[in-house]
Amino acid sequence: MFLKVQLPWNVIIPAASLESNGLMFQRCMILRILDDFASKKASKHLGYYMAVTTLDNIGEGKVRNSKGDVLFPVIFSGIAFKIFRGEIIEGVIHKVLKHGVFLRCGPIENIYLSKIKMPDYRYVPGEDPEFMNDKLSKIKKDVIVRAIVLGTKWLEAEREFQALVSLDGDYLGDWDQFPNLKLL
């Protein structure tokens, strides 16, 4: 799910960038925010940082140490992406294993679908392994799958989320088996 968020941030501007020309200052401020924003990647509470939309407020700067750098408290709006328990997601399978598959959904790379959570599907080994059911619906690499999120886990060291999903429910599974549904 995409979330609109408002974030307080501290931006450090080098003294050399502080000129009387206000346009250069704003440009430097925005570039610094974008740089910091991209390096953070994600947070436990907001999910993955996707985009900065507006710079809402620039506070009064405070000179730091003897270098002359100035610290500005700023508030800006942005978009974040986070999945929640019970949410229906569409993901692309990127890895097929004997015991399940891994999906990608947006910036989340490690979404696991266990074979236990794929009712009526059986593993078919081979050069291009897949899971198939009696209706010949296939779950294999590069297939889009609709699934329900059972749980998520935040990994602080990697600054990323992992999720566990299931196909137990209506209109879940291989996307191709639902010709009347369209991606939003």
Side-chain angles (χ1 to χ4, degrees), residues 1-9 33-54 76-184:
M1 173 182 301
F2 288 100
L3 307 169
K4 184 176 180 183
V5 296
Q6 194 170 44
L7 297 167
W9 216 268
I33 289 170
L34 290 173
D35 231 19
D36 291 350
F37 192 71
S39 68
K40 287 283 187 187
K41 187 178 177 182
S43 75
K44 182 177 183 176
H45 301 291
L46 297 174
Y48 290 87
Y49 301 133
M50 301 300 288
V52 174
T53 55
T54 59
F76 64 91
S77 297
I79 296 173
F81 178 84
K82 186 175 181 182
I83 59 175
F84 296 94
R85 186 172 190 249
E87 182 178 359
I88 304 293
I89 62 168
E90 287 88 27
V92 178
I93 296 173
H94 67 92
K95 194 178 212 181
V96 178
L97 304 169
K98 183 178 176 182
H99 300 289
V101 297
F102 282 95
L103 315 165
R104 286 188 184 109
C105 178
I108 304 175
E109 296 279 328
N110 293 313
I111 300 173
Y112 184 65
L113 172 59
S114 170
K115 82 174 191 180
I116 295 169
K117 295 298 181 181
M118 291 188 265
D120 304 326
Y121 282 88
R122 65 186 188 293
Y123 179 72
V124 179
E127 194 172 303
D128 191 17
E130 62 190 19
F131 286 87
M132 189 176 357
N133 67 8
D134 295 336
K135 298 174 188 172
L136 301 179
S137 175
K138 295 180 181 180
I139 294 179
K140 60 183 183 178
K141 189 174 180 179
D142 297 327
V143 167
I144 298 172
V145 174
R146 285 177 54 100
I148 188 166
V149 178
L150 297 176
T152 62
K153 180 180 179 182
W154 168 248
L155 303 173
E156 184 65 43
E158 291 85 9
R159 300 198 65 77
E160 67 182 24
F161 286 91
Q162 291 181 334
L164 180 64
V165 296
S166 172
L167 299 184
D168 287 332
D170 294 334
Y171 298 105
L172 301 179
D174 173 17
W175 188 255
D176 291 336
Q177 71 180 354
F178 308 114
N180 296 332
L181 295 178
K182 298 198 188 297
L183 282 173
L184 297 176

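Nothing here was measured: the structure is a model prediction, and the numbers come from that model. Starting from 1, each residue takes its place in the sequence as its number.
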task: List the steps, then state whether side-chain contact (heavy atoms from CB on, under 4.5 Å) holds for Y112 with H99.
output: CA-CA 10 Å; Y112 184 65; H99 300 289; 3.8 Å; yes

field: Worked verdict on F131 versus V96 for side-chain contact (heavy atoms from CB on, under 4.5 Å)
entry: CA-CA 9 Å; F131 286 87; V96 178; 4.1 Å; yes

task: Verify side-chain contact (heavy atoms from CB on, under 4.5 Å) between D168 and I148, making sure each step is shown before the conclusion.
output: CA-CA 8 Å; D168 287 332; I148 188 166; 5.8 Å; no

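Considering only residues two or more places apart in sequence or on other chains, S77 meets the side-chain contact (heavy atoms from CB on, under 4.5 Å) condition with Q6, T53, T54, D56.
Using a 4.5 Å heavy-atom cutoff, the side chains of I88 and Y171 are not in contact. Side-chain contact between K138 and V143: absent, with no pair of heavy atoms (C-beta onward) separated by less than 4.5 Å.
Atom CZ of R85 sits in a sparse spot, with 12 or fewer heavy atoms from other residues, nucleotides or ligands closer than 6.0 Å. No more than 12 heavy atoms of other residues, nucleotides or ligands sit less than 6.0 Å from atom NZ of K95.
Classification of the F102-H94 ring pair by plane angle, with boundaries at 30° and 60°, yields tilted.
Among F2, F161, Y48, the one residue that satisfies the ring pair (Phe, Tyr, Trp, His ring centres under 6.0 Å) test with F81 is F2. Of the residues I111, T152, L155, I108, the one that meets the side-chain contact (heavy atoms from CB on, under 4.5 Å) test with Q162 is L155.
For residues 105-120, the pairs satisfying salt bridge (charged side-chain N to carboxylate O under 4.0 Å, His left out) are R104-E109, with sequence neighbours left out.
Without hydrogens or angle criteria, R146 side chain to G173 main chain gives no donor-acceptor distance under 3.5 Å.
Contact record, L150 with S166: CD1-CB, 3.6 Å, taken as the closest heavy-atom pair. Taking every heavy atom of both residues into account, D174 and Y121 meet most closely at N-OH, 4.1 Å.
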